[in-house]
Q: 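Could you have a look at this structure, given as structure tokens, before my questions?
Both counts, for ligands and for their atoms, begin at 1 and track the order of listing.
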Amino acid sequence: MDFKPFIRDVNDFPKTGVIFKDITPLLNDNNALKAACQILFEKVHGQHIDKVVGVDSRGFIFAPLLASKLNAGFVPVRKKGKLPYETLSESYALEYGTDSLEIHADAIKKGEKVLVHDDVLATGGTAEAVCKLVERLGGEIVQCNFLIQLDFLNGAEKLNGYDIKTLLKY
Ligand SMILES: O=P(O)(O)OC[C@H]1O[C@H](OP(=O)(O)OP(=O)(O)O)[C@H](O)[C@@H]1O
Ligand SMILES: Nc1ncnc2[nH]cnc12
């Protein structure tokens, strides 16, 4: 299936100069949604996964679906101040800003096998911070998977050493 017709470019969002990859047309289409989820699943299927970590907020769309298909738990990584229990925190920079991400201190046990999922890999700042949080808890990252990779922003360089899988590259 060709997914590119389901990704909409929005110029100058959320800041001037950014071409925003809007995934809502893909989510809106029953067949594209199902097919995208199935392909992301097939890229990791066969490997043991204990936890799927999804990144606030667009990473929350596919991560729980993948967790369910992989018989794994789901772990939310959230922007600062949103998780209620004890947290670990990492600051990061992304294509259009800076922020902090947090994970619950008890969300991953030492040695657990982890799939990190997000919708977009752009500069890689977000995913790098997520990987640090997972590893600070002792999790072993099996794969980082994304719907979209913006190759021209070189995010993969920040994830050197990790297995990166992506549905669509630009
Ligand atoms: O590779 P990077 O340059 O770090 O950018 C990628 C991140 O940017 C977007 O999240 P955003 O912070 O816009 O939050 P949202 O999912 O709530 O829209 C996207 O969902 C990734 O998490
Ligand atoms: N250009 C972009 N489109 C959608 N999400 C993003 N996250 C970071 N950069 C992005």
Q: Starting from atom 10 (O) of ligand 1, find the nearest protein heavy-atom neighbour and note its residue, name and distance.
A: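 So the nearest neighbour among protein heavy atoms is R58 NH2, 3.5 Å.
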Q: Report the nearest protein non-hydrogen atom to atom 13 (O) of ligand 1: residue, atom name, distance rounded to 0.1 Å.
A: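 Protein heavy atom at minimum distance: Y96 OH, 2.5 Å.
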Q: Could you note down all residue pairs passing ring pair (Phe, Tyr, Trp, His ring centres under 6.0 Å) where residues 34-58 supplies at least one of them, sequence neighbours left out?
A: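 Ring pair (Phe, Tyr, Trp, His ring centres under 6.0 Å) check on residues 34-58 returns F41-H45.
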Q: Which of the atoms of ligand 1 are close to E95, meaning less than 4.0 Å from one of its heavy atoms?
A: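 Under 4.0 Å from E95, ligand 1 has these atoms: 3 (O).
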Q: Is the backbone N or O of G125 less than 3.5 Å from a side-chain atom of E128, with the two atoms forming a donor-acceptor pair by type?
A: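 No, E128 side chain to G125 backbone: no donor-acceptor pair under 3.5 Å.
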Q: Within the distance-only criterion (no hydrogens, no angle test), does the side chain of K165 pair as donor or acceptor with the backbone N or O of N145 below 3.5 angstrom?
A: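 No, because the side chain of K165 does not come within donor-acceptor range (under 3.5 Å) of the backbone of N145.
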Q: Nearest protein heavy atom to atom 7 (C) of ligand 1, by residue and atom, and its distance?
A: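 Among all protein heavy atoms, the one nearest atom 7 (C) of ligand 1 is T126 OG1, 3.5 Å.
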Q: Residue-level breakdown please: for D119 versus ligand 1, do any non-hydrogen atoms fall below 4.0 Å on the side chain, on the backbone, on both, or on neither?
A: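 The answer is the side chain of D119.
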Q: Report each N/O pair between ligand 2 and the protein that falls under 3.5 Å, naming both atoms.
A:
unit_1, atom_1, unit_2, atom_2, d
ligand 2, 1 (N), I19, O, 3.0
ligand 2, 1 (N), E95, OE1, 3.0
ligand 2, 3 (N), K21, N, 2.9
ligand 2, 5 (N), R58, NH1, 3.1
ligand 2, 7 (N), Y96, OH, 3.2
ligand 2, 9 (N), E95, OE1, 2.5

Q: State whether the side chain of R136 and the backbone N or O of S89 hold a donor-acceptor pair below 3.5 Å, judged by distance alone.
A: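 Between the backbone of S89 and the side chain of R136 there is a qualifying donor-acceptor contact (under 3.5 Å).
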Q: Looking at D50 and K113, would you say the former's side chain and the latter's main chain have a donor-acceptor pair under 3.5 Å?
A: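 Confirmed, D50 side chain pairs with K113 backbone.
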Q: Kindly state each residue pair satisfying ring pair (Phe, Tyr, Trp, His ring centres under 6.0 Å) with at least one member in residues 64-86, sequence neighbours excluded.
A: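 Residue pairs passing ring pair (Phe, Tyr, Trp, His ring centres under 6.0 Å), neighbours aside: F60-F74, Y85-H104.
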Q: Evaluate Y92 for polar contact with ligand 1, using N/O atom pairs at a separation under 3.5 Å.
A: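 No; the residue has no nitrogen or oxygen that sits under 3.5 Å from a nitrogen or oxygen of the ligand.
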Q: Specify the protein heavy atom at minimum distance from atom 3 (O) of ligand 1: its residue, its atom name, and the distance to 0.1 Å.
A: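 Of every protein heavy atom, T123 OG1, 2.5 Å lies nearest to atom 3 (O) of ligand 1.
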Q: Output yes when a side-chain donor or acceptor of K51 lies under 3.5 Å from a complementary backbone atom of A107, and no otherwise.
A: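 Judged by distance alone, yes, a pair lies under 3.5 Å.
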Q: Would the distance check show the side chain of Q143 and the main-chain N or O of K43 forming a donor-acceptor pair, the cut-off being under 3.5 Å?
A: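 Yes, Q143 side chain to K43 backbone: donor-acceptor pair under 3.5 Å.
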Q: If a pair satisfies ring pair (Phe, Tyr, Trp, His ring centres under 6.0 Å) and one of its residues is in residues 133-170, list it, with sequence neighbours excluded.
A: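 Every pair satisfying ring pair (Phe, Tyr, Trp, His ring centres under 6.0 Å) with a residue in residues 133-170: there are none.
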Q: Where on D118 is there a heavy atom closer than 4.0 Å to ligand 1, on the side chain, on the backbone, on both, or on neither?
A: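 The part of D118 near ligand 1 is the side chain, not the backbone.
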Q: Are G124 and ligand 1 in contact, using a heavy-atom cut-off of under 4.0 Å?
A: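 Flag set, G124 near ligand 1.
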Q: Is it the case that the side chain of E102 and the backbone of E90 share a donor-acceptor pair, with hydrogens and angles ignored and the cut-off at 3.5 Å?
A: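 It does not hold such a pair.
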Q: Do the side chains of K21 and D9 get close enough for a salt bridge, i.e. N-O under 4.0 angstrom?
A: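 Salt bridge: yes.
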Q: Which residue supplies the protein heavy atom nearest to atom 8 (O) of ligand 1, what is that atom called, and how far is it?
A: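 Ranked first by proximity to atom 8 (O) of ligand 1 is L94 CD1, 3.3 Å.
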Q: Pick whichever of L153, L159, V120 has a heavy atom sitting closest to atom 6 (C) of ligand 1.
A: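 That would be V120.
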Q: Would you find a donor on one side and an acceptor on the other, under 3.5 Å apart, between the side chain of N154 and the backbone of E157?
A: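 Flag not set: sc N154 to bb E157 has no pair under 3.5 Å.
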Q: Nearest protein heavy-atom contact for atom 17 (O) of ligand 1: which residue, which atom, what distance?
A: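 Here the closest protein heavy atom is S57 OG, 2.7 Å.
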Q: A122 to ligand 1: N or O pair under 3.5 Å?
A: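 There is such a contact, yes.
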Q: Hey, is K79 one of the residues with a heavy atom under 4.0 angstrom from ligand 1?
A: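 Within the 4.0 Å threshold, so yes.
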